[in-house]
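Remarks on the structure that follows.
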Amino acid sequence: MNFNITTPETTQELLAQISKHQENNFRFGAGYTDLLLELKKQPDEDLTVINLAQLNDEHFTSISELDDGIRVGTLVTANRITYNEVLEKRYPVLYEAASKLASRQIRQVATIGGNLCTASPAGDIACALVALEARCEMLKTDGTVIVVPIDDFFVGVKKNCLLKNEILRSIIIPSNSENSKLYSGFIKVGTRCSMEIAVVSLAYHIQSDENGKITKAGVAIGSVAPTIKFAKSASEYLIGRSYTSIGTSKAEEFATKVLEYTLPISDIRASAWYRKEALFNISKSIFESN
Amino acid sequence: MKKELKIIGKPTPKLDARIKVSGEAVYGNDITLPNMLHGAILRTKYPVAKIESIDVSKAAQLPGVVCIITADDVDTNNISYLNDHPVLKKGEVNCIRDEIAAVAAETREIAQKALTLIDVKYKVKEGIFDPFEALKEDAPIINKFAPANNDKNIAHPFHYEHGNLQEQKDRSACIVKKRYNLPRVTHCCMGTCAVTADYSKMENRLTLYSQTQMPFLYQRDMAYTLKMEPSRIRIIQPIIGGGFGSKLDMYPYEPICALLAMKAGQPVQIAYDREEEFLASPTRQTMVIDISSGADKNGKFTFREVKIIMDNGAYTSWGATTPFVMMQTFSSLYQLPACLFEAYAVYTNNPYAGSFRGYGNPQATFAVERSIDLLAEELGMDKAEIRLLNANFKGEITGQRLEFISCGHRDALEMVIDKSGFDGKHCSTGVSQATQQNMKNSRSDTLVACGMSLKYESSSDKSVASTIFQRNSERYKRGIGLASMVHVGGGAKIYPSDGCGTTVKLDNFGYLTIITGSSEIGQGSETVLGMIASEELGIDMKNIRVINTDTDVKPWDVGVHASRTSFVAGNSLLGAVKKLKNKLSSKAVQLLETDIEDLEYENGLIKSRKTGESIKTDKVVREIHFREPNELCEESYYYEPDSKFQDKGFKGNVSGTYAFAAQAIEVEVDTYTGNVRVLDVHVAQDVGKVLNPLGLEGQIEGGVVTGMGYALTEELIIEKGMVLNPSFHDYKLPTAGDVPDIHFYPIETNDPKGPYGAKGVGEAPLIPTAPAIANAVSDAIGIKIDDLPITPEKVLKALKERIV
């Protein structure tokens, strides 16, 4: 495995490097947990890796409070997400997804940007961010910033919407409604405790008001379609209902709506039948405290 | 008076622990020699094809490539005990591992690159990937080197019987017939395959740095393959990163490496990466086991009738002889009046199987122990009671003429039944399943509420989702299962000798060198040998070293297999030490003016018990060396167990002694996802005598986890001869987080033949695990488990089918 490597330290240097390599083959390297495996398998002789490890740009590296939400830089690692108490409290779905990614050692270096840009239908953090209806903030080489809803970021299996002269710098997670009660979590189905790629995953972030009425709901599913899917009708189904009054039959109706968004494949990890069956069961399970 | 033991039985860290954890240890792929080249192997693109041409010219022109070989360039004999496996394939390929060409180059990268430049023209052919297809009349011959006297595509047939089968069938009150399917799993050694070959043309001498676990048979096999004299080949074993049976055979990459070194005139190393390890290293046999077993109205077993079809793959390895071990289980695990056993290793175009810890016994024990649960259910008998009623006993000579001179079978069963609370937990007959299930679930809720939620779904304890699950009452079902096993515990006489030689050398500074024929592959044998010598000679462990890695130096031993090393090498060492002690004692009695019986070896001293006077052991050595009788303090001994070579009907006492074990395992099944979580594993094992509790614990825990993987998650998935999951991402080896609480209760039966009463322990711990887990899952959710691994998908499907 041979490649050229360049390590920009400032935003300017970064944009200059991206511009410089527009005609060449280049990849971004952040945590390298996926990239090195990929390059080992398919060595590419004229490849340049733009190494982001030394980049000093808070948009990429920090977790910061905004008026309408929280900004998480794409170079933030999975472990940093799990160590952040604000994220844990406000967005349990993100916290749980980050805690279930691969293994602790990999979480130490794997970044949120890598998880998103890989655009795997099984991405854990990505699934949580879709449920949270996050926005993706992308930087162009001319310095302009574009923001797209995360749902538009994924365009196919392992395909994102970034152009060659763009880089994903931050994720903006919208604020929760004030005084809302949260029902938020991430369920990952696989066969092992760690080092697992989700066979099915479900991310949900549900907010209700003082009276217990659900005011906002985001439900996303992974590994059951070419991309992570926001289950819109299932999310909408919950609005106006009281979380605690959703019994078995309503939970199953909800689960049926979640399944509308599936287009699963059968492969060595699981059959399409299993993915749907397990998804149905875990979808209804989120109301079983009632 | 029983002598009190000072070190045997005390937890002793492994001698190689420090260098291994610090990274100082030199493994096979760490070896570097001056001018060493790197070898790489071109394997076929298609499992079955005619090779129309091979063009290496472009590869040869690549700068840095030193030599390339194909079948046309070499003169070799076939490998494997049936001589059915060409080292480099000529004209045709028959399985996806097939080696077509090999390159030696200055760097690994150049060698890999060169492989891509070799142009092979294939004519793809249809393959046979199902052994039942291979047995059909119109099937083509898969291996043209197959033994001519066998039926078509049968590499090795086995037939065994004892007792009067018909009579026992007639008196059976209940007969259970089942077909079990056992999967293909692989060893996953942390150290991947690596060999380094160094050839001196001038001296016609080949040195191989090899990870073999059978150095002397390997030396012989290598010599036969390369048409050399065995003594011209020196085998040096670097530190081996796991064997588990995978290094019992020699594989083509090893003579290929030697051939490259001979042609290049420079040392060559071939080291697999993880993907090649998955693609090209051996596996456990997949088997289809048809078993019918019976019991009389009191629950006494009457007979077992077994037919096994094993997928041999395209070539044969020692693994094809696993029926030899399986028939011991079918004929002799629990008292059994009659047994008929047939097994066929059948050629297919799948990757070939090899030998793997347990050597057929995990498969056989699965079939026996699953069937026992079914018999108990049919008879309405308690699953513990039926096992205790039929348990093996001390003094038993089985139908196969295995002689159980010590036997902890019943003790092991009773121990795990008691410790696991089996009687109160399991669903006894299946009749009152519903009531029992309710009882169990309510109890399981209490435990779940205490925070024992499914590990997988709550890697964070504070997770909102998991608190929701914890209160769910219908979702999780618990069950408990029981299984036991018998395995050779004192070697296995499958070769003219099952012996081991040892030389001990005490130097005039009081340091002891043990030169043993046995090999260390991580099992902790050199530590046990050090402990034995320390115990006997009163020499501190720090002053003992074990030399066991060089065939030019060490005496003969058959190799690491059959859980034999502590037993056979231990007894061999005891023999050598006894001779050494005789020599030391006869000098010491002169110096201390006492008699032999009065002497005691302790703390580097030889003492007189009567007078309390002592003399330093090294001083005695110097007296022997430098004064009369002017001799070396060096002695050798060869130990041969008194086991027997079995007759043509496979009858005879094949091992010095036998090991027994039982496990009771509790599981929790998530009926929403089909995930099975192993909660508690209770292991009782007849180890004869605990030599090193630390090493033993490691063997038990490692074995159980291997058994868990076999039961639940592991399978090398092959489709039309292609390996679909050659990575740890998709080959689901259990991770640290999956390991349950393992409770171990050693049973000490003090075997009369074992060193200090010990018997073999290495393979046993994994053997009962899969059937115990399958029995537990069946107990939890009332479905029959006939296939491994018990994947979430299989569980969910079975639950669904039951509801519909």
Side-chain angles (χ1 to χ4, degrees), chain A residues 1-2 37 40-41 43 45 82 88-89 92-93 95-104 107 182-197 199-200 202-206 248 266-271 273-275 277-290, chain B residues 109 112-113 116 273-275 454-475 670-677 709 712-715 717 719 724-725 727-739 789-797 799-800:
Chain A
M1 176 174 40
N2 277 320
L37 286 178
K40 205 171 154 190
K41 259 203 173 140
E45 281 174 22
T82 66
E88 182 186 345
K89 213 172 118 214
V93 60
Y95 168 83
E96 286 179 21
S99 336
K100 287 168 187 171
L101 184 105
S103 68
R104 187 170 288 274
R107 294 195 288 270
L182 288 182
Y183 304 92
S184 176
F186 180 75
I187 303 172
K188 179 172 175 176
V189 177
T191 47
R192 296 189 286 210
C193 284
S194 54
M195 290 311 294
E196 195 60 291
I197 296 167
V199 164
V200 180
L202 174 79
Y204 59 97
H205 188 71
I206 301 163
T248 310
S266 290
D267 65 7
I268 53 166
R269 290 175 190 153
S271 71
W273 173 85
Y274 175 81
R275 290 174 202 270
E277 194 71 16
L279 180 61
F280 182 84
N281 288 340
I282 59 171
S283 297
K284 69 176 185 181
S285 80
I286 66 176
F287 304 102
E288 280 177 355
S289 58
N290 298 334
Chain B
E109 289 73 20
Q112 289 294 340
K113 170 100 194 180
T116 65
D273 65 9
R274 183 58 63 187
E275 188 175 342
L454 191 80
K455 254 191 207 165
Y456 185 76
E457 293 205 333
S458 61
S459 53
S460 81
D461 294 332
K462 294 171 242 170
S463 121
V464 179
S466 58
T467 46
I468 291 169
F469 289 140
Q470 283 162 17
R471 278 179 268 137
N472 187 354
S473 59
E474 283 301 301
R475 180 169 175 179
D670 180 347
T671 60
Y672 279 15
T673 61
N675 279 90
V676 176
R677 183 184 158 202
L712 296 173
T713 56
E714 290 181 46
E715 181 170 17
I717 303 169
E719 206 178 276
L724 300 189
N725 56 339
S727 76
F728 279 131
H729 253 145
D730 286 318
Y731 183 89
K732 304 280 184 187
L733 200 67
T735 64
D738 299 295
V739 177
I790 311 165
T791 60
E793 178 145 1
K794 284 183 198 163
V795 172
L796 212 55
K797 205 159 252 168
L799 283 168
K800 191 88 181 172

Revision key, fill the gap. Chain B shares the most heavy-atom pairs under 4.5 Å, among A:Lys41, A:Met195, A:Arg275, A:Lys284, with A:Lys284

**Study point:** Contact origin within B:Lys794 toward chain A - heavy atom pairs under 4.5 Å
**Key:** neither

Review point. For A:Cys193, does its backbone N or O pair with a side-chain atom of B:Asp738 as donor and acceptor, under 3.5 Å?
Key: yes

Review point. Which heavy atom in A:Gly190 sits nearest to a heavy atom in B:Asn675, and how many Å separate them?
Key: O-ND2, 2.7 Å

Study note, to complete from the structure: Looking only at B:Glu715, B:His729, B:Glu719, the option with the highest number of non-hydrogen pairs under 4.5 Å against chain A is B:His729

Check your understanding: Within a reach of under 6.0 Å around NZ of B:Lys732, are more than 12 heavy atoms found that belong to other residues, nucleotides or ligands?
Key -> yes

**Study point:** Which atoms of B:Ile717 approach chain A - backbone, side chain, both or neither, heavy atom under 4.5 Å
**Key:** side chain

Review point. What's the verdict on side-chain contact (heavy atoms from CB on, under 4.5 Å) for A:Glu277 and B:Glu793, showing C-alpha distance, side-chain angles and the deciding distance?
Key: CA-CA 9 Å; A:Glu277 194 71 16; B:Glu793 178 145 1; over 6 Å; no

Point to revise | Pairwise distance CD1(A:Ile187) to OG1(B:Thr673) - rounded to 0.5 angstrom | key: 10.0 Å

Practice item. For A:Arg192 and B:Leu733, indicate whether the former's side chain and the latter's backbone hold a donor-acceptor pair under 3.5 Å. Key: yes

Point to revise | Distance-only donor-acceptor check, side chains A:Thr191 and B:Thr713, under 3.5 Å | key: no

Practice item. Could you grab the distance from atom CD1 of A:Ile268 to atom CG of B:Asn725, nearest 0.5 Å is fine? Key: 4.5 Å

Point to revise | Region of B:Ser727 in contact with chain A, defined by heavy-atom distances below 4.5 Å | key: neither

Check your understanding: Closest approach of A:Asn281 and B:Tyr672, non-hydrogen atoms and distance?
Key -> ND2-O, 2.8 Å

Check your understanding: Between A:Ser271 and chain B, which part of the residue has a heavy atom less than 4.5 Å away: side chain, backbone, both or neither?
Key -> both

Revision key, fill the gap. Bottom line for B:Glu275: the part with an atom under 4.5 Å from chain A's heavy atoms is side chain

